Amino acid sequence: MNYQDLANLVFPDVKDINYYEEKYAKRNLEDGAIVTRFAPSPTGFVHIGGLYQALVARKVAKQTNGVFFLRIEDTDQKREIENGVTGIVKSLQDFDMAPDEGQINDTEEIGSYGPYKQSLRKEIYQAYAKYLLAQGKAYLCFCTPEDLEQMRLKQETAKVRTGYYGVWATCRKLSVEEMAEKVKKGEAFIVRFKSPGREDRKIKHHDVIKGNVDFPENDQDIVIIKADGLPTYHFAHVVDDHLMRTTHVIRSDEWLSSVPLHLQLFQELGFKAPKYAHIAPIMKNDNGNKRKLSKRKDPEAAVEYYKQEGIPSDAVKEYLLNIASSSFENWRRQNPELPIEDFDLQLNKMSVSGALFDMIKLLDVSKSIISRYTAERVYEEAFKWANKYDEELKEILTDKEYALKVFGIERGNKKPRKDIAKWSDVKENIIYMYDKNIPEYPYQVINEKEDIKTILEAYKFNPSDDKQTWFDNIKKLAENLGYASEVKEFKANPGMYKAHVGDVSTVLRVALTGRTNTPDMYEIMQVLGKEKVEKRFKEAISKLN
RNA sequence: GGCCCCGUGGUCAAGAGGUUAAGACAUCGCCCUUUCACGGCGGAGACAUGGGUUCGAUUCCCGUCGGGGUCACCA
């Protein structure tokens, strides 16, 4: 009995690894093309940090004419949730980030390096586990979870490193015969990697983002095949990224400390290791403490949140790119119209430490993006959003022709308005353009009922006036009623006037819209039309009595 | 606790052995012949800390402190 016999005993039916090596041949890509992947577990909604990784991975693949694929890491069936895969695929689609290969829905996939769902690759992992086992680079372990727990306790009280290594790796000392006998007796087992590493030796590693990092070698005999026959993350990663011909593993930096293990696995399997790029997580300030954005505590951690709020996916992506690269902002300022695909992202310039998530900044980015949209685009997006999330807004927007006029106010010029940051802001911003509950808002400087009434009764709106004539008209009105027709004059001669033309305008504005802050009032009156303007003033007057 | 990474204004961040230490968001003031937004101009605001090396260190080295990550038959 030797290791080859043991391997045959344990995995009698799996294929030889040569079969897979040939089936998943080297990709035929141009020099310098980068192959990346997004490899989430279907254990919940997509996290903003996951989207960030996917964005970066996809970007570098695209800009080198490489490949970006989606792999589903579902080797832990206990944690899997219903529709997990669908959620991931849909989120990527929402952000216009569909992969070149991989899962396209719960059951289908595209690309010739699949299956892209790990639970469907069981026999592949077993083939490679068998390969290691046959060479004596892996062994069977019969320790129960309880044994392991006890061992850990012992290690803790003895204040030594925890884990399965060195003298603690009891099953490593078993002979092939002993292992075979236990298997034949039907004892449950798992497969462990026989680590050739020594903790007192260092390895040097260069991470594309983090730079040079030194670690002690890995000496842990980690599990590669679990009791259910599925691989652990570490083993699946190495086998998959080799077979799928990934060139750059772009993942969250919580994996950084596993690099020595992964490198060792690649080495022992005889594979060429990919380059690693470990991305710093997106953090949040929690009472003075930095912590990762949490799925449980922070709604903004879920990618779905941005959709619900109506923050355009472009805005989220641009904000993320802002975090990823400090040169993005400059690039954007110089190229306000170019698509983000044209921006060249450098992995090695990415920040090594985690950035605090800044919603205010995101919203600022979003405002700028929306301000560049045409009225038509604003309408389409807002309407789409309203259809899903706001019944009242949807109703308001059914009159498209009128809505386009409303959205057209101060839009399309050199200095467009920036007052919409997200579609959920829209209703609040345009509601006064509709005959729905114009709120009663307190008049400001001019607040005597009689004065207000005089102004409102005296004002005549003529829609055919151009803007200058229209405003001259208000000035004249102010002057006739004893107010300063110029603000400067008012300021120069305090005490001579009760108020100035601005205050008169405010009276009109409040009566018309129920608020003090609005876009250009001339445009508002034009869009509203003579009839509505007069009706509103009439109503405002009647409310005064 | 062991190991690893990180530490420039409130936030995101550029940067070099010698700089008036960029820029963006936020904030404050002024201007933009009606408000708000936009835009323009300006203000306030930072190299965690101690010790080296050096003519000179925020930049290089060591310690301290602080932050983060990781130590599963989870990923």
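The sequence lines fix the lettering, A, B, ..., with proteins before strands; numbering per chain opens at 1. Scope of the values below: all heavy atoms of this structure, side chains included, with no hydrogens, waters or symmetry mates. In this text, all values refer to a predicted model and were calculated from it rather than measured experimentally.
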Phosphate OP1/OP2 of B:A75: any A:Thr75 side-chain N/O under 4.0 Å = yes

Would you kindly check whether a donor in the side chain of A:Arg417 faces an acceptor in the base of B:C36, or vice versa, at under 3.5 angstrom?
-> yes

When you get a sec, tell me which of B:U35, B:A13, B:C4 is the closest nucleotide to the side chain of A:Leu256?
-> B:C4

Which value, in whole Å, describes the distance between the P atoms of nucleotides B:C61 and B:A44?
-> 34 Å

Whole-Å P distance, B:U11 and B:A46 = 13 Å

Expressed as a whole number of Å, how far does the P atom of B:G45 sit from that of B:U53?
-> 34 Å

Over how many whole Å does the gap from A:Lys361 atom NZ to B:C12 atom P extend?
-> 11 Å

Could you tell me the separation between the OH atom of A:Tyr319 and the C1' atom of B:A13, rounded to a whole number of Å?
-> 12 Å

Which of the following nucleotides, B:U34, B:G67, B:U35, is nearest to the side chain of A:Trp470?
-> B:U34

Within 45° of the ring axis of A:Phe69 and under 6.0 Å from its six-membered ring centre, is that where the NZ or CZ of A:Arg71 lies?
-> no

Kindly say if A:Lys226 contacts the phosphate of B:C74, meaning a side-chain N or O under 4.0 Å from OP1 or OP2.
-> yes

Between B:C25 and B:A75, how far apart are the P atoms? Round to whole Å, please.
-> 44 Å

Check whether any side-chain N or O of A:Lys290 sits under 4.0 Å from OP1 or OP2 of B:C5, and answer yes or no.
-> no

Whole-Å distance between B:U34 C1' and A:Gln468 CD?
-> 12 Å

Report yes or no: does A:Asp520 contribute a side-chain atom to a donor-acceptor pair with the main-chain N or O of A:Glu523 at less than 3.5 Å?
-> yes

The nucleotide from B:A13, B:U34, B:C6 with an atom nearest the side chain of A:Val352 is B:C6

A:Asp214 near the nucleic acid: base, sugar-phosphate alone, or nothing, with a heavy-atom cut-off under 4.0 Å?
-> sugar-phosphate

Spacing between A:Tyr432 atom OH and B:C36 atom C1', to the nearest angstrom = 9 Å

With ring-ring contact (aromatic ring centres under 6.0 Å, His included) as the test, would you mind laying out the steps for A:His242 and A:Phe235 before giving the verdict?
-> CA-CA 11 Å; A:His242 167 249; A:Phe235 194 58; over 10 Å; no

Which of B:A14, B:U35, B:G69 is nearest the side chain of A:Arg509? It is B:U35

Determine the interatomic distance between P on B:C36 and the same-named atom on B:U27; round to the nearest Å.
-> 15 Å

Determine the interatomic distance between C1' on B:C28 and the same-named atom on B:C71; round to the nearest Å.
-> 49 Å

B:A75 OP1/OP2 closer than 4.0 Å to side-chain N/O of A:Thr43 | no

Under 4.0 Å between a side-chain N/O of A:Lys202 and OP1 or OP2 of B:C4, yes or no?
-> yes

How about A:Phe45 and A:His47: are their ring centroids closer than 6.0 Å?
-> no

Candidates B:A13, B:U35, B:G69 - which lies nearest the side chain of A:Thr518 = B:U35

Measure from the side-chain heavy atoms of A:Ala355 and tell me the nearest of B:A75, B:A13, B:C74.
-> B:A13

With respect to the side chain of A:Lys415, which nucleotide from B:C73, B:C5, B:G39 is positioned closest?
-> B:G39

Less than 6.0 Å separating the ring centroids of A:Trp470 and A:Phe461?
-> no

Is_stacked (A:Phe215, B:C3) at 5.5 Å, 30 deg = no

Between A:Phe471 and A:Tyr522, ring centroids under 6.0 Å | no

Is any side-chain heavy atom of A:Asp221 closer than 4.5 Å to a side-chain heavy atom of A:Arg172?
-> yes

Does a side-chain N or O from A:Thr232 land closer than 4.0 Å to OP1 or OP2 of B:A72, or not?
-> no

Quickly work out the A:Lys78 NZ to B:A72 P distance and round it to whole Å.
-> 15 Å

A:Glu329 side-chain proximity, nearest of B:A24, B:A26, B:U34 = B:A24

Taking the side chain of A:Asp419 as its heavy atoms from C-beta onward, which of B:A37, B:U11, B:C71 lies nearest to it?
-> B:A37

When you check the phosphate oxygens OP1 and OP2 of B:C36, does a side-chain N or O of A:Lys418 lie under 4.0 Å from one of them?
-> no

Would you kindly give the NZ-to-C1' distance between A:Lys210 and B:G7, to the nearest whole Å?
-> 13 Å

Of the nucleotides B:U35, B:C73, B:A75, which one has an atom closest to the side chain of A:Asn517?
-> B:U35

Pairwise C1' distance for B:C38 and B:C31, with rounding to whole Å | 14 Å

P atom, B:G50 versus B:A14: distance in rounded Å?
-> 25 Å

May I ask you to evaluate whether A:Lys488 reaches the phosphate of B:C32, defined as a side-chain N or O under 4.0 Å from OP1 or OP2?
-> yes

Heavy-atom nearest nucleotide on RNA chain B taken for A:Asn330 and for A:Phe471; more 5' hit belongs to A:Asn330

Whole-Å distance separating the NE2 atom of A:His234 from the C1' atom of B:C74 = 10 Å

Using a distance-only test with no angle check, is there a side-chain donor-acceptor pair under 3.5 angstrom linking A:Ser195 and A:Asp219?
-> no

Check the distance between B:G2's C1' and A:Arg152's CZ and give it to me in whole angstrom.
-> 15 Å

